[in-house]
Amino acid sequence: MAPDIVLENATTELAEYEATGGYAALAKARAMTPEAVTEDLITSELRGRGGAFFPAGRKWSFVPSKEQLPKPHYLVVNADESEPGSFKDNEILSRVPHRFIEGCLITAHAIDSQHVFVYIRGEYSGPYEILVGALEELKDRPDIRGDVTIVVHRGAGAYICGEETALLESLEGKRGQPRSKPPFPAISGLYASPTVVNNVETITTVPPVIAMGGAEYASLGVPNTRGSRVVSLSGNVVHGGNYEIEPGMSIKDIVYSLGGGIPDGRELKAVVPGGSSTVILTKGEIDVGYDFDSLAQVHTAMGSAGIVVLDDRCCIVQLGIRWSEFYEHESCGKCTPCREGTRWLTAILRKLEDGRATQGDLDLLLSVCDRINGKCLCPLGDSDAIIIASYVAKFRDEFQAHIDNGACPFGGESSLDGVLAPIQMHTHSPVAEVPA
Amino acid sequence: MTGVGSTEPAGSAGAGFPGAEAENSLYEAIQEERAKYPDDSRSAVLPALRLAQGQHGWLSPDALREVAEALELTPAYCKSVASFYDQLHLAPVGEHLVEVCTNVSCAVVGAQRVVEAFESELGCRAGETSDDGKVTLRAVECLGGCGWATIVAVDHHYRTHVSAEHVPAIVEELRGA
């Protein structure tokens, strides 16, 4: 049920890691050609764990050879984990830093790169110190490091830098605003050179894939979602934490068997399956496998695997406000539909919550969603639009009750009542008012 | 100095910074950061801003000028980058920084009560600094510790499972430090 692949034999010590077979996969990979390593990754069907789920081996195969394009190749690891509900990369870097480093070195070999940048979110001081400590242990180990330099680059607080092109901008010393694509990073990424950007969990899965062989890894899990997945469980659940699961396990089992169910004798209301940006599931929809295909059938996604459990005290309009305030705060401002739309969504939802909304405001809310969705360079604004539309679709009665009662039906008793979002601390950005 | 921003030069943690200790000037520390990136890139801006904030407490006009000179950029460019990022302070902050995550996973288990407990202990609102200049309190977006809610970052190190009852002891610890 719960394979230990990524988090197996957790240790921060080099000697202990080597004693349990650590860095053996690196030696195995270096005895193979880069093409053979990439081929094995393609065979493994490992897909990106950052949220986009793109096949990792195929991404590597897009990097042109140095004969075709004579420029340095870069590996950039996305450790800017900031999706509300996701905290798996925090634990992976803290518990298995050497497996992560081994994954960096194998990937660097596969794409013929001598330069690795790990972009870690600025808030992760703990994981940063552990990672730097692990790299320090390799100072006297040229046999492991080879000709590869690993630089750990700290972010400074910006959710958008988890988007790969914004991350590259930030790493180049600029404001973290997404680029338009194409060109894709594989051709023109960091410093306009061929670049592979992979998530921490993806990279940390590479050593076990090489060790066991791509075919064996692909025998675990279900079609389209192979191997294991580290799932972050949080919210109204007894045992929050990270769990490495075999894909296909149902969300119901994750919440009740692994998570111990809902505390305080409350009832389940809804589950957000893959971090804040994924379509919500009602309590009647959670008997669904945690894998790409099963979740696609119910029009949602694994995203970055952050499962947020919400009990019956959660007002769905307030949930929309809190996450819309988050997207409004984190919008980089480059695309108008996102910059303006996210704050309009917040303003209209606030009007609903305060009992000042008319029937037309609900239509206006959905209309703003439509005007954001698909009209921006990156998925940030889309995420706000998609989730708010999903709350209305699945909890329309609750939205209607806010209009009909002229007040929030929770009467100040919602679990999200009065929560202070960071954007409310900023006075330089006046709140948009919805015309009466 | 203890406190806000990077509490010490990143170099003291180890890799890439042999011998980079506190006595190194900011200029030299920034040059060491710069050496990690290609010559014609501006990649050292964020590390340099972090170092400057660690030394000055916040990114004052002087701090921005020092960063700009060390990197051969303009202060305006450095400020334009700094203003994008939540952790970089363009106004003075307290000696210590308390950041309470109020995103959904923390909020549904009581993050707002934690914020209010800090406000009452410190005598200031979130977004402000206590009168003695000791502590700046902020509500922040998801810190990435959702399963161990409520997360409070005290001088950038996470305290997990914080509830309102724990707040007086944390404030006492910071006032005594």
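Numbers restart at 1 for each chain; the letters A, B, ... are given by sequence-line order, proteins then strands. All heavy atoms count here, side chains included; hydrogens, waters and symmetry mates do not.
For the atom pair A:Lys88 NZ and B:Cys146 SG, the distance stands at 12.0 Å (nearest 0.5 Å). Here the OG atom belonging to A:Ser234 is positioned 9.5 Å from the CG atom belonging to B:Asn103, to the nearest 0.5 angstrom. In this structure, NE2 on A:His153 lies 9.0 Å from CD on B:Glu33, to the nearest 0.5 angstrom. Put simply, CD on B:Glu141 and CD on A:Glu330 are 5.5 Å apart, with the number rounded to the nearest 0.5 Å. Interatomic distance, A:Glu123 CD to B:Gln87 CD, rounded to the nearest 0.5 Å: 4.0 Å. The OH atom of B:Tyr85 sits 4.5 Å away from the SG atom of A:Cys161 when rounded to the nearest 0.5 Å.
The parts of B:Ala126 that come within reach of chain A are both its backbone and its side chain, each placing non-hydrogen atoms under 4.5 angstrom from that chain.
Annotation for A:Pro84 and B:Cys142: closest pair CA-SG, 3.6 Å, computed over non-hydrogen atoms. Among all heavy-atom pairs drawn from A:Phe87 and B:Gly144, the shortest one is CB-O, 3.2 Å.
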*Hey, mind stepping through B:Thr102 and A:Phe326 against side-chain contact (heavy atoms from CB on, under 4.5 Å) and telling me if it holds?*
CA-CA 10 Å; B:Thr102 64; A:Phe326 166 73; over 6 Å; no
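Taking non-hydrogen atoms and a 4.5 Å limit, the residue list of residues 110-124 of chain B in contact with chain A, ordered by number, reads B:Gln112, B:Val115.
Ranked by non-hydrogen atom pairs under 4.5 Å with chain A, the options B:Asp40, B:Leu88, B:Leu71, B:Leu143 are led by B:Leu143.
Between A:Cys332 and B:Phe84, some side-chain heavy-atom pair lies under the 4.5 Å cut-off.
Here B:Tyr37 and A:Phe117 bring their ring centres to under 6.0 angstrom of each other.
With B:Val108 as reference, A:Leu310 is the one residue of A:Leu310, A:Val309, A:Asp311 to meet the side-chain contact (heavy atoms from CB on, under 4.5 Å) rule.
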